[in-house]
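Since the structure is predicted, the reported quantities are computational estimates derived from the model, not experimental observations. Sequence lines set the chain letters: A, B, ... in the order given, protein chains first and strands last, and positions in each chain run from 1.
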There are 2 protein chains.
Amino acid sequence: MPKTTHRADRHPGSRYGNRPTMKDVAARAGVGLKTVSRVVNGEPGVTPDTERRVQEAIDALGFRRNDSARVLRKGRTASIGLVLEDLADPFYGPLSRAVEEVARSHGALLINGSSAEDPERERELALALCARRVDGLVVIPAGDDHRYLEPEIRAGVATVFVDRPAGRIDADVVLSDNFGGARDGVAHLIAHGHRRIGFIGDMPRIHTAAERLRGYRAAMEDAGIPVEDRWMSLGVTSPERVRRAAQEMLSEPEPVTAVFAGNNRVTVTVVRVLAEGSRQVALVGFDDFELADLLRPGVTVVAQDSAALGRTAAERLFRQLDGGLIAPERIELPTRLITRGSGELPPAG
Amino acid sequence: MPKTTHRADRHPGSRYGNRPTMKDVAARAGVGLKTVSRVVNGEPGVTPDTERRVQEAIDALGFRRNDSARVLRKGRTASIGLVLEDLADPFYGPLSRAVEEVARSHGALLINGSSAEDPERERELALALCARRVDGLVVIPAGDDHRYLEPEIRAGVATVFVDRPAGRIDADVVLSDNFGGARDGVAHLIAHGHRRIGFIGDMPRIHTAAERLRGYRAAMEDAGIPVEDRWMSLGVTSPERVRRAAQEMLSEPEPVTAVFAGNNRVTVTVVRVLAEGSRQVALVGFDDFELADLLRPGVTVVAQDSAALGRTAAERLFRQLDGGLIAPERIELPTRLITRGSGELPPAG
DNA sequence: TAGAGCCTGGACAACGTTGTCAGGTGCGCG
DNA sequence: CGCGCACCTGACAACGTTGTCCAGGCTCTA
């Protein structure tokens, strides 16, 4: 008995009205399979007449090339992955968009996912993207151990980290100058006469938060001001806790006269607290945010260019892809102090 | 002469250090190819001992399943596409994130792209996603003719449109109640005593803009107020033009006493213009935005829930995928008027 | 007009995975 | 002790595409 082709195997697990393939197009146009491939890919060596026939068959059948099969054959997917913390965070929108634009200019698509600041989820996502055989990966780390990516990198997946460095592996990373930015911001407050300056920021295990704290300390030390513990509030993330921390600093016997906010979420909450109180307190925040100029007073910030972070990272990624291996590098982008009023208030009381 | 395996063909176009395949794992573990497949996919029917040997080989080689090949074989990609206007726009961040979460809960990845409000680019993107064989497509239309998607939909690509309806094809669409929201917002102004109310909005060829304009007219008509042409400014997009339009309305002999802003970009610019002037003008904006409550006065808005739009659309998409074909439906989500002060100002002058 | 060379088109294998089926082993039961 | 059954395991084809090679027809030149 001859082997039978098992009908049920022809389209396993598919509910689709079978899509036409190149074979179908070839049959309809009365040409060979490879000729269709040539037409679809614009390869030379097809007479105009044949090309026309093939094109007609394509249109008639509504054929669209199956890129999965193409990828399988060619080894490259023309897509890159982006793992970030939260797409809904306004900081990451422009970053993501910038990565997308660079990808687009290289003919690649962008697949992205949010880690929700969960290391395990970051890992899952990154590995899922690798299983899809993305050509490269841009990662905004949530975790601090990225050794799980070693086999992937060895296998040729270009990888660039953004915003925070990779943990326990040597890889390209693009950062803002968190230390310098924070130091400048705090120095700005000091220059306007403040000495009791509060710092509210994220957990120091997060690299950016640690660097900004270091910047704060450096500026204070440069000015010869000893920092008191009660001026610093670390690991504060939820709006409620930021609120409480700010209120505490402001209700001491010798309250702070200025606050440096470690990121935009903190800044916004502090603005709210200050708006409720009567005392005039200076404020500089890390990260710019929309409408900061419309508040009264306008909020002085240390701005980082999130689009530039994304663009730089993506360009670096494609340089890896085009040029083969290059030594991992750490690229630091400058921040910019934008004065709008809140940071120039003199100490009150 | 026997056929030779052409070495150059083994890894066409690939610069990778060859990735291990199931075959390699099988060889190393001393088992058959299919057994590896079974272990990788957690299929039953493998002795614990065999499983352990395979697992060790997997770890040793750093094997990761090639999902492209899997997709080719299975017909489903477990990924969906999202075509939106601009990821960097704060309105789309939460929407995109909501789609991602739903996708994730269905085990799917999200591939997204920005059309930059260009119909041709929308088309390219959507078709590129189809070529990747995404299982479904969520589209925020930039163009107004989506017949190009017909073959795809026929071939089984689930499709849902969001924010604006599809053009010239019959498909699922999830919208905000733009008409009702705008009517309520304008009625709110009328209820606070305004009669000369300006409207600044986008080009009426954009569905949302047209609907909001219709809502404005309806509210005015309900109140028996004849609308004057000079109160309406349509097709205004750039901040400069919004600025000019607002200034004109306010410098008429009989200036408007209130403005209804057709979207968040317009609202923000109008806030700026009003902040510069001395006259007190009421304002209601369509779309909420961060910090609207922190401005003085707080900005009253008609809020749409962009996350709910995304969530609803994605859920609908997966219902299509799970349940087969269902009749296209138009789902309209309610908007919510949030009063914060700017919309409750009485007419001045 | 014959031969050389070019151009077009097609046959075939291979990419890495999964579904199907068949073979083999060991165990329990009669 | 033998038969049947359950359970593992592996061989094989197929998914849709592209790279390579070859065949055949054409043109051009000597």
query: If you check every side-chain atom of B:Thr50, which of D:dT9, C:dT17, D:dT20 has the closest atom?
result: D:dT9
message: Checking B:Arg70 now: which residues fulfil side chain to side chain donor-acceptor pair (under 3.5 Å) with it, not counting sequence neighbours?
response: B:Asn41
task: Scan A:Asp67 against the nucleic acid and name what it touches under 4.0 Å (heavy atoms): base, sugar-phosphate only, or nothing.
output: nothing
field: Nucleotide C:dC15, atom P - distance to CG of B:Asn66 in whole Å
entry: 12 Å
- prompt: Is there a donor on the side chain of A:Lys34 or the base of D:dG19 sitting less than 3.5 Å from an acceptor on the other?
  reply: yes
field: Toward the 5' end of DNA chain D, by each residue's nearest nucleotide, B:Gly45 or B:Leu72
entry: B:Gly45
field: Nucleotide of C:dG9, D:dT18, D:dC8 approaching A:Thr47 most closely (side-chain heavy atoms)
entry: C:dG9
message: Assess the residue pair A:Leu82 and A:Glu100 against the criterion (side-chain contact (heavy atoms from CB on, under 4.5 Å)); give the C-alpha distance rounded to whole Å, side-chain angles, the decisive distance to 0.1 Å, and a yes or no.
response: CA-CA 9 Å; A:Leu82 171 62; A:Glu100 184 195 346; over 6 Å; no
query: Rounded to whole angstroms, how far apart are CE on A:Met22 and P on D:dG19?
result: 10 Å
task: May I ask you to say what A:Val46 touches in the nucleic acid, namely base, sugar-phosphate or nothing, with a heavy-atom cut-off under 4.0 Å?
output: sugar-phosphate
query: If you check the A:Lys74 side chain, which of D:dT18, C:dT17, C:dG19 turns out closest?
result: D:dT18
field: Phosphate OP1/OP2 of D:dT18 contacted by A:Arg65 side-chain N/O (<4.0 Å)
entry: yes
Rounded distance (Å) that lies between atom C1' of D:dT9 and atom CZ of B:Arg52: 17 Å
- prompt: Once you round it to whole Å, what is the distance between C1' of C:dC15 and NZ of B:Lys23?
  reply: 11 Å
- request: Go through the N and O atoms of the side chain of A:Arg38 and the base of D:dG19, and report whether any donor-acceptor pair is under 3.5 Å.
  value: no
field: Rounded distance (Å) that lies between atom P of C:dA22 and atom CG of B:Leu33
entry: 19 Å
- prompt: Touch check for B:Val31, heavy atoms < 4.0 angstrom, all strands: base, sugar-phosphate only, or nothing?
  reply: sugar-phosphate
task: Without swapping roles, check the side chain of A:Thr21 against the backbone of A:Lys23 for a donor-acceptor pair under 3.5 Å.
output: yes
- prompt: So does B:Ser37 get a side-chain nitrogen or oxygen closer than 4.0 Å to the phosphate oxygens (OP1/OP2) of C:dT18?
  reply: yes
query: Quick one: NE2 on B:His207 to CG on B:Asp163, what's the gap to the nearest 0.5 Å?
result: 9.5 Å
message: Nearest whole Å is fine: how far is C:dT17 P from B:Asn41 CG?
response: 10 Å
- prompt: How close or far is atom C1' of C:dG16 from atom CD1 of B:Ile58, stated in whole angstroms?
  reply: 14 Å
- prompt: Expressed in angstrom and rounded to an integer, what is the separation of A:Arg53 atom CZ from C:dG9 atom C1'?
  reply: 11 Å
query: Are A:Arg311 and A:Glu101 within salt-bridge range, i.e. N to O under 4.0 Å?
result: no
task: State whether the distance check finds a donor on one side and an acceptor on the other, under 3.5 Å, for side chain A:Arg73 versus base D:dT18.
output: yes
